[in-house]
There are 4 protein chains.
Amino acid sequence: MKKREVIASVKDEKLVKKRRNEMIKGAISLFKQKGFHQTTTREIAKASGFSIGTLYEYIRKKEDVLYLVCDRIYDEVRERTEQDLGAHHGTIEGLRRAIAHYFRVVDELDDEVLVMYQEVKALSKESLPYVLNKELDMAAIFEHILRACVENGALQLSESEIRLFAHNIVVLGQMWAFRRWVLRKMYTLDEYIELQTEFLLKGIMEKQRV
Amino acid sequence: MKKREVIASVKDEKLVKKRRNEMIKGAISLFKQKGFHQTTTREIAKASGFSIGTLYEYIRKKEDVLYLVCDRIYDEVRERTEQDLGAHHGTIEGLRRAIAHYFRVVDELDDEVLVMYQEVKALSKESLPYVLNKELDMAAIFEHILRACVENGALQLSESEIRLFAHNIVVLGQMWAFRRWVLRKMYTLDEYIELQTEFLLKGIMEKQRV
Amino acid sequence: MKKREVIASVKDEKLVKKRRNEMIKGAISLFKQKGFHQTTTREIAKASGFSIGTLYEYIRKKEDVLYLVCDRIYDEVRERTEQDLGAHHGTIEGLRRAIAHYFRVVDELDDEVLVMYQEVKALSKESLPYVLNKELDMAAIFEHILRACVENGALQLSESEIRLFAHNIVVLGQMWAFRRWVLRKMYTLDEYIELQTEFLLKGIMEKQRV
Amino acid sequence: MKKREVIASVKDEKLVKKRRNEMIKGAISLFKQKGFHQTTTREIAKASGFSIGTLYEYIRKKEDVLYLVCDRIYDEVRERTEQDLGAHHGTIEGLRRAIAHYFRVVDELDDEVLVMYQEVKALSKESLPYVLNKELDMAAIFEHILRACVENGALQLSESEIRLFAHNIVVLGQMWAFRRWVLRKMYTLDEYIELQTEFLLKGIMEKQRV
DNA sequence: TATGAATGAGCTTTCATTCAT
DNA sequence: GATGAATGAAAGCTCATTCAT
């Protein structure tokens, strides 16, 4: 799916990229604290280091900021997760490592993941599909890994199961962010990864009917 | 944890209960469509069947409506889930049925679950703990069931695992609501229940190290 | 000037008198603290010991309360001032005593005097004349005394001077109430009375051109 | 006492000064007619020649307008009164002229004086001291004059008397504004000045006990 | 390209007043 | 006569967005 274009008045593309980076950085730190609706465009401009007038040279509506922020966070999570994915591809060990790696990414970006989670619904009907599609891209990473394991004979899963388990992995990772208020009291990140990985793998691997 | 009191000007407690029910019903249907922030107090009053002035006889601030709504939804989900929990208690079959039952409750109340999920963060620092505590109560239901299975020898789990798995069950249930935009394209409710129950039980039951 | 009638729905005149007394008492204590505009009708009802519905059985508009309050305060000040006025009538000593007596009344009722002073302008164009007329009645007391002194030969004043000096006495008395924030730091009531009486009498008595 | 700062969002100080002047002018004319509480912020904005949004770029709360208005009026009265004070300083003639001059200022600014008089109490606990302090500054002008007369031997007054008489002068001047509904029917401004000046001076000058 | 003053629709909340019980 | 739930006009204030400089 093609990116939704956020239209800027400024023509210089380098500048647009630079300013939007500043903007996204400023906005995320504000959204973390107060959420999208409680944050004013003036605050975003200030946190970004420019005036309200300039802000509107790079976006058309306040919602554009949210779109850019969500877009960026998804990319960040996905890109980081995809790093170091090469080794052990198509093996259980490879899957185990991918899960652990992804969980650590969520831990590092937990504020961002939370922001994204709590604010997507504020996106307009037009922007939403683009962002939800990114959610699918995340799942696709794990679908890809699972499918490779199946092809290698390391796992035996139907296509249906592959897709569901991929979502399960993604969601149980996000859960570390959106239930952190309780989970962090009970587990360290390492414990969480250890327990959930065992849980996931057992759920995925065994063939015999329970 | 004691309920946070929402103060009403009206004295007649019966009436307060009745009006608040109307209010909560009206508000949920609006929050579903547009979210808490996009919904005006006037819209809430109208959807509840009374005037803006009357609305404010039963609450103090707009946020009170959100609190009442979240409070209600949690209670609803919990109460319904706790129904029919008696039979097969402490057995794998009992656990299986509880999961299925809970997933069906989420399906029936999917809009409500979504609302709650996306709007809790709009609650004030004062209200939040009360609502998050209800989230814990939900997990406690499954902790209770799992613990009974362990006591009966049907499962072998550490306390740590019990608590984590309980959260996993709760979250994978909610997932049917908050990822319905993709999951419903792929599975019927029955398929979802079937697949996830297998997944969960296998993840929980097996003893041998993977 | 005839009293402006405040219409009551209740017919029993005894009851109207009783309830209005409660109302005026309650209202004054509220107006002292927060002023007329900041006081709600509900607060007045509560402070008066009855319900908002009952309050409106005895008045027509919120402003009626203010009218009744101002009316009452003026009467109170005037009545108390007129007490013990008999002795030494028409002599300088009588005048001196009247002034002192009036100043003491203002001191006792200083909150009330202040309320009246600061809230009259909130009265409607219809009520205002009735209340201002009471202000004239106050001045008339001293005009009467001064005139008696003139008739007795104790003072030599033109009609013009009599009227002005009467107002001066009234205002310098009120001044003890409305400038109390500064005057009380500088003088005791007795000192104030002593100094102002000397000042007033000298200003009134001397004949030779300065 | 330092001025209480009213915070503006607009940075350009020249503009702030200009807009606030327009605002004060507009507000005074409204407060004259209807009083502070009966005047809406929208009316103030309109009378000032700008939109409600713009109004709030120059103040934070409605009360700020009242503060600015009171502040301005006091300054205006004081500044005008202090003009032409040089000649005859420290003589009875100088005092006589100062009184007359001040009374004429009150006459010119009678609406303003009335507004200030009736609305100060609407100021918040925070603003009030700043404004009352200005009232003291007014009295200080006459204290200064009286003290000079005493030093020159033109008058014989204790410090206590100086301070009280200064207040008397100020109040009897304001009286021309707040009792104008009756005084103007009885006297022209010149007559009022003539009569009150005689009264004041006699009250101040004579030494022999009455 | 950058700025920030200006705008006004629209929001939450209050409160005098009414009227069925 | 007494009550208090219901009403809705109207208030203060905010903030996304525009546009002249």
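Comment: C:Lys32 engages C:Glu112 in a salt bridge, judged by a side-chain N to carboxylate O separation of less than 4.0 angstrom. A salt bridge is defined here as a Lys NZ or Arg NE, NH1 or NH2 lying under 4.0 Å from an Asp or Glu carboxylate O, and A:Glu43 with A:Lys46 fails to meet this definition.
Between C:Ser29 and C:Gln33 there is a side-chain heavy-atom pair separated by less than 4.5 Å. Counting only heavy atoms from C-beta outward, the side chains of D:Val69 and D:Met116 never approach each other to under 4.5 Å. Looking at heavy atoms from C-beta onward, B:Phe31 lies in side-chain contact with B:Val65 at the 4.5 angstrom threshold.
Here E:dG8 presents its P atom at 17 Å from CD of D:Glu43, a figure rounded to the nearest Å. Rounded to whole Å, atom P of E:dG10 lies 16 Å from atom NE2 of A:His37.
Each of B:Lys11 and D:Gln38 was assigned the nucleotide of DNA chain F with the nearest heavy atom; the assignment lying further toward the 5' end belongs to B:Lys11. Nearest-nucleotide mapping onto DNA chain E: of C:Thr40 and D:Ser9, the residue sitting toward the 5' end is D:Ser9. Take the nearest nucleotide of DNA chain E for C:Glu63 and for D:Arg19: the residue whose nucleotide is more 5' is D:Arg19.
Judged by the 6.0 Å distance and 45° axis criteria, A:Lys61 is not positioned over the aromatic ring of A:Tyr67.
Looking at residues 49-62 of chain C, you'll see C:Phe50, C:Ser51, C:Ile52, C:Gly53, C:Thr54, C:Tyr58 sit with a heavy atom under 4.0 Å from some atom of DNA chain F.
Between its two ends, the helix from E:dA2-F:dT21 to E:dT21-F:dA2 turns its axis by 0°, counting five pairs per end and rounding to 10 degrees.
For the 3.5 Å distance criterion, the side chains of D:Ser124 and D:Glu63 qualify, holding a donor opposite an acceptor. Side chains of B:Ser48 and B:Glu22: no donor on one and acceptor on the other come within 3.5 Å. With 3.5 Å as the limit, one finds a donor-acceptor pair spanning the side chains of B:His37 and A:Gln38.
Between chain B and DNA chain F, the heavy-atom contact criterion of under 4.0 Å yields a 5' to 3' nucleotide range of F:dA5 to F:dA10.
Residue D:Asp71 is tested with D:Lys3, D:Arg20, D:Arg4 for a salt bridge (Lys or Arg N to Asp or Glu O under 4.0 Å); the sole match is D:Lys3.
A tilted orientation is assigned to the rings of A:Phe50 and A:Tyr58, their planes being inclined by 30° to 60°.
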